[in-house]
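First the structure, in the form of structure tokens, and then the observations on it.
These figures come from a predicted structure and were not determined experimentally. In what follows, residues are counted from 1 in the order of the sequence shown.
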Amino acid sequence: MEKKHCTLCFECELFKGNILIPEDITIMYKYHYCLNSQGRWKECKRFLTKNLFGFCPGFVMPNSLLSLDQIKQKVRVEYVA
Ligand code: SF4
């Protein structure tokens with residue numbers, strides 16, 4: 001059965017409100033991605049990043065224009081170096 005919300009809701013720092021962005025932006029992301037009954041959460045860049053790398057850094061927003069390769073590169077530079 002198709003999930004009506006993102007499967008990562010309970011572990012996502014953005015969903016839990018642990019990423020410092022304006023509250024209305026968080027609500028907008030939840031509406032358009034996390035709780036979207038059409039399954040749009042599968043397009044969320046945080047969802048895709050977590051599935052690929054096993055974690056998602058705070059700078060990645062659901063509608064990020066960065067490619068997954070660009071996110072990987074940024075993580076290497078900022079988190080591993
Ligand atoms: S921000 Fe993305 S990964 Fe996080 S709960 Fe929402 S849809 Fe899922």
For Leu48 against Glu43, the heavy-atom pair lying closest together: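 Residues Leu48 and Glu43, closest heavy atoms: CD1-O, 3.9 Å.
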
Minimal non-hydrogen separation, Cys9 against Leu35, with atom names: SG-CD2, 4.5 Å

All pairs passing side-chain hydrogen bond (donor to acceptor under 3.5 Å, both in side chains) where residues 48-60 contributes a residue, at least two apart: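 Residue pairs passing side-chain hydrogen bond (donor to acceptor under 3.5 Å, both in side chains), neighbours aside: Glu11-Lys50.
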
side-chain hydrogen bond (donor to acceptor under 3.5 Å, both in side chains): pairs with one or both residues in residues 19-29, sequence neighbours excluded: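 Qualifying pairs, neighbours excluded: Tyr29-Asn63.
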
ILVMFWY clustering at 4.5 Å (side-chain atoms), partners of Tyr31: none

Connected-component partners of Leu20 among ILVMFWY, side-chain separation under 4.5 Å: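 Joined to Leu20, directly or through intermediates: none.
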
Check: Met61 and Leu14 side chains under 4.5 Å, non-hydrogen atoms: yes

Minimum side-chain heavy-atom gap Cys12-Arg46 below 4.5 Å: yes

Applying a strict under-4.5 Å side-chain criterion to I, L, V, M, F, W and Y, I'd like to know whether [X] and [Y] cluster together.
X: Leu68; Y: Leu8; answer: yes
X: Ile71; Y: Trp41; answer: yes
X: Tyr33; Y: Ile25; answer: yes

Contacts of type side-chain hydrogen bond (donor to acceptor under 3.5 Å, both in side chains), residue Glu13, not counting sequence neighbours: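 Once residues adjacent in sequence are excluded, the partners of Glu13 under the side-chain hydrogen bond (donor to acceptor under 3.5 Å, both in side chains) criterion are Lys16, Asn18.
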
By side-chain hydrogen bond (donor to acceptor under 3.5 Å, both in side chains) - contacts of Lys74 (at least two apart): Glu78

Chi angles and distances behind the side chain to side chain contact (heavy atoms under 4.5 Å, CB included) call for Phe47, Cys6: CA-CA 8 Å; Phe47 178 81; Cys6 177; 3.7 Å; yes

Listed once per pair and sorted, the salt bridge (Lys or Arg N to Asp or Glu O under 4.0 Å) pairs that draw on residues 29-38, sequence neighbours left out: none

Heavy-atom donor-acceptor pair, Lys45 side chain to Val60 backbone, under 3.5 Å: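 No: the side chain of Lys45 does not pair with the backbone of Val60.
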
Sequence neighbours excluded - ring pair (Phe, Tyr, Trp, His ring centres under 6.0 Å) pairs with any residue from residues 48-75: none

